[in-house]
Asks: 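Provided herewith is a single structure, encoded as structure tokens, for subsequent inquiry.
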Amino acid sequence: MRSALLLVLLLGVQARADAPGSWWLGFVDQAGRAFLEIPAQGRTCAERARLAARAAPAPGEVVLSSLPAASQLPDGARLTFGVTDLAGEYGERVFTRIAAIGREDERARPSLQPACLYLVEAGAARPGSRVQEDRVAVAVHPPRRVPVARHDDAWRSFGGSAGVVGADSRFAAEADAPGWVLALVRRFLPGAQQFHAQPFDGTFTAGAAPERLWLVGGIQDGEGGAGQPGTYNTVNLIVQQSSGASEILYRSGPSGGIGRDRAASFVAQVAATLDLNGDGTDEVLLRVRHYAGGGLVVLRRQGRAFGVARVGGYEGE
């Protein structure tokens, strides 16, 4: 719980919160089953620790909790949720149980994966079954389809090793980067060696027209090993670009590297814009890549700036 809160504080200004039981981050596994992350709280993480100690689950194994699924919803509410994946596929699903999912390393993972427990569908804990993440999904209650606009194809990286540049269309030489991107990143991270940029659109202010914003950032690799300060020192920004000037709407970093702050050292990509709480404005769903592992971050505009609405632990593709 402490690590999850620390990550939220480091990522940016805290956005206004939704009422409990309105929307969830989650994923659909390779067997087509949906799993919804229950936001980390002291009680849920203590329950996960108890289940892990009792059952010693293998990675991907589902261990059922005695906590009732109805505890995540208002009294008397049906356990039917509307689940939408990032391809826009929608369906109503019934989540009847709460469970933990076994991790690769029970001691190391909690610091970067805030999801302690999940809402699961009936039959998710069949003997011998394992969860293999397949695709990001979001869920809302009462059920409704969430409009999704994907933007991940627009993400580009500039710089990096010669073996990557040219082998993948997402990676290009530093000389191909827009000059304003290089200048902006170096303003916050002068030693940056790799840069990334991504345009994306959405309706971020109620009653306003859609806006074009940019995610930009950079990495300073450093010269030390994985545990040395400066290794994987990152900065990520969301900006509004016009007439050569950049208004900073969100900033995370410089992180100082994984030797200083592992959780805050990441490269961000806008996976989608989507209206999670149904208020007519879009949230920004970031996929974040740490030095090892990754997760999700939901940003929401409050005034001019974007703040963190939720952090999720999904690591799959």
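On a predicted model such as this, the values are computed, not experimentally measured, just so you know. We use all heavy atoms of the structure for the numbers below, so side chains are in, but hydrogens, waters and symmetry mates are not.
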Asks: Between R300 and V298, does a side chain to side chain contact (heavy atoms under 4.5 Å, CB included) hold up when you go through it step by step?
Replies: CA-CA 7 Å; R300 175 176 298 144; V298 176; 5.5 Å; no
Asks: Ignoring hydrogens and angles, tell me if any N or O in the side chain of T281 forms a donor-acceptor pair with the backbone of A206 under 3.5 Å.
Replies: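 Not at all, since once roles are kept as given, no pair shorter than 3.5 Å links the two residues.
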Asks: Hey, is R301 close enough to E211 for a salt bridge, meaning N to O under 4.0 Å?
Replies: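 Answer for the salt bridge query: yes.
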Asks: Checking Q220 side chain against N233 main chain: does a donor-acceptor pair fall under 3.5 Å?
Replies: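 No, Q220 side chain to N233 backbone: no donor-acceptor pair under 3.5 Å.
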Asks: Drop me the distance from D176's CG to S157's OG, to the nearest 0.5 angstrom.
Replies: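 These two atoms lie 11.5 Å from each other.
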Asks: Tell me whether the rings of F306 and F204 are parallel (<30°), tilted (30 to 60°) or perpendicular (>60°).
Replies: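 Correct class here is perpendicular.
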Asks: Report the C-alpha distance between F35 and V62 in whole Å, list the side-chain angles of each, state the deciding distance to 0.1 Å, and finish with yes or no for side chain to side chain contact (heavy atoms under 4.5 Å, CB included).
Replies: CA-CA 11 Å; F35 297 80; V62 177; 4.2 Å; yes
Asks: Can a salt bridge be assigned to the pair E174 and R186 using a cut-off of 4.0 Å between side-chain N and carboxylate O?
Replies: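 Result for this pair is yes, salt bridge flagged.
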Asks: Would I38 and L36 satisfy side chain to side chain contact (heavy atoms under 4.5 Å, CB included), going step by step from the backbone distance to the final call?
Replies: CA-CA 6 Å; I38 297 175; L36 308 182; over 6 Å; no
Asks: For a 4.5 angstrom cut-off between non-hydrogen side-chain atoms, does V120 reach I98?
Replies: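 The answer is no; the side chains never approach within 4.5 Å.
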Asks: Answer whether the closest heavy-atom distance between the side chains of F200 and I238 falls below 4.5 Å.
Replies: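 A side-chain contact under 4.5 Å exists here.
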Asks: Can you give me the closest heavy-atom contact between V83 and A137, atom names plus distance?
Replies: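 Reported closest heavy-atom pair: CG1-CB, 4.0 Å.
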Asks: Report yes if the side chains of L296 and L285 come closer than 4.5 Å at any heavy-atom pair, otherwise no.
Replies: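 Yes, close enough: below the 4.5 Å cut-off.
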Asks: When clusters are formed by joining ILVMFWY residues with side-chain heavy atoms under 4.5 Å apart, either directly or through shared neighbours, do V297 and L213 land in the same one?
Replies: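 Same hydrophobic cluster.
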Asks: Return yes if some donor-acceptor pair links the side-chain N/O of T84 with the main-chain N/O of V138 below 3.5 Å, else return no.
Replies: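 Not a single qualifying donor-acceptor pair exists.
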Asks: Starting from the C-alpha separation in whole Å, work towards a yes-or-no answer on side chain to side chain donor-acceptor pair (under 3.5 Å) for R304 and Q240.
Replies: CA-CA 10 Å; R304 289 297 298 166; Q240 188 171 55; 3.0 Å; yes
Asks: Between E47 and T44, is there a donor-acceptor pair closer than 3.5 Å when you use the side chain of the first and the backbone of the second?
Replies: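 No; judged by distance alone, with no hydrogens or angles, the pair does not exist.
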Asks: Out of curiosity, L237 CG to L249 CG, how far, rounded to the nearest 0.5 Å?
Replies: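 Here the interatomic distance stands at 10.0 Å.
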Asks: Quick one, T273 with H151, criterion side chain to side chain donor-acceptor pair (under 3.5 Å). Give me CA distance, side-chain angles, the key distance, then yes/no.
Replies: CA-CA 8 Å; T273 51; H151 303 282; 2.9 Å; yes
Asks: Would a 4.5 Å heavy-atom cut-off, applied to side chains only, mark F81 and V140 as touching?
Replies: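 SC-SC contact between F81 and V140 ruled out.
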Asks: Tell me whether R93 is salt-bridged to E121, with the criterion being a basic N under 4.0 Å from an acidic carboxylate O.
Replies: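 So R93 pairs with E121 through a salt bridge.
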Asks: Do R135 and D29 have side chains that get closer than 4.5 Å, going by heavy atoms?
Replies: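 A side-chain contact is absent here, since even the closest heavy-atom pair is not under 4.5 Å.
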Asks: Return yes if some donor-acceptor pair links the side-chain N/O of H290 with the main-chain N/O of S265 below 3.5 Å, else return no.
Replies: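 Yes, the answer is positive, given that a donor and an acceptor are paired below the 3.5 Å cut-off.
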Asks: Does I219 offer a backbone N or O that forms a donor-acceptor pair with the side chain of H196 under 3.5 Å?
Replies: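 Not a single qualifying donor-acceptor pair exists.
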Asks: Of the non-hydrogen atoms in A264 and S252, which two are nearest, and what is the gap between them?
Replies: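 Result for this residue pair: O-OG, 4.4 Å.
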Asks: If you apply the rule side chain to side chain contact (heavy atoms under 4.5 Å, CB included), what do you find for V288 with V267, and how did you get there?
Replies: CA-CA 6 Å; V288 300; V267 171; over 6 Å; no
Asks: Under 4.5 Å between side-chain heavy atoms, counting indirect links through other Ile/Leu/Val/Met/Phe/Trp/Tyr residues: same cluster for V28 and V94 or not?
Replies: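 Not linked; separate clusters.
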Asks: Might you point out which heavy atoms bring L182 and A177 nearest each other, and give the distance in Å?
Replies: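 So the minimum-distance heavy-atom pair works out to CD2-CB, 3.7 Å.
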Asks: Taking atom CZ of R43 as the centre, report whether more than 12 heavy atoms of other residues, nucleotides or ligands fall under 6.0 Å from it.
Replies: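 Counting other residues, nucleotides and ligands, CZ of R43 stays at 12 neighbours or fewer.
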Asks: Calculate, to the nearest 0.5 Å, the distance between atoms CZ and OG belonging to R97 and S65 respectively.
Replies: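 Result: 8.0 Å between the selected atoms.
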Asks: Would you kindly check if the NZ (Lys) or CZ (Arg) of R310 is within the cone defined by 45 degrees around the ring axis of W23 and under 6.0 Å from the six-membered ring centre?
Replies: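 The answer is yes, since R310 meets both limits relative to W23.
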Asks: Return the minimal non-hydrogen interatomic distance between R130 and P59, and the atom names on each side.
Replies: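 That closest heavy-atom pairing would be CD-O, 3.4 Å.
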Asks: Please report the shortest heavy-atom distance between L86 and A272, naming the atom on each side.
Replies: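 L86 and A272 have their closest heavy atoms at CD2-CB, 4.3 Å.
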Asks: Does any non-hydrogen side-chain atom of R170 lie less than 4.5 Å from one of D153?
Replies: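 Sidechains of R170 and D153: no contact.
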Asks: Would you say E37's side chain and G313's backbone share a donor-acceptor pair under 3.5 angstrom?
Replies: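 Present.
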Asks: Taking the side chain as everything from C-beta on, heavy atoms only, tell me whether F95 gets closer than 4.5 Å to W24.
Replies: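 SC-SC contact between F95 and W24 ruled out.
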Asks: Can you measure from CZ (R287) to CD (Q269) and round to the nearest 0.5 angstrom?
Replies: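 Output value for this atom pair is 6.5 Å.
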Asks: With hydrophobic residues grouped by side-chain heavy-atom distances under 4.5 Å, do F158 and L184 end up in a single group?
Replies: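 Per the 4.5 Å side-chain linkage, F158 and L184 are co-clustered.
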Asks: Return the minimal non-hydrogen interatomic distance between P254 and L189, and the atom names on each side.
Replies: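 Minimum heavy-atom separation between P254 and L189: CB-CD1, 3.9 Å.
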Asks: Does the gap between the ring centers of Y232 and F266 come in under 6.0 Å?
Replies: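 No, the ring centres sit 6.0 Å or more apart.
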Asks: Between Y90 and L119, is there shared hydrophobic-cluster membership here, with clusters defined by ILVMFWY side-chain heavy atoms closer than 4.5 Å?
Replies: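 The answer is no; the residues belong to distinct hydrophobic clusters.
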Asks: Using 0.5 Å steps for rounding, measure from the OH atom of Y250 to the CG atom of N236.
Replies: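 Taking OH in Y250 and CG in N236, the distance rounds to 6.5 Å.
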Asks: Got D152 and V270 here, is their nearest side-chain heavy-atom distance under 4.5 Å?
Replies: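 A side-chain contact under 4.5 Å is absent here.
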Asks: When rounded to the nearest 0.5 angstrom, what is the spacing between CZ in R48 and CG in L117?
Replies: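 If I round to the nearest 0.5 Å, the distance is 7.5 Å.
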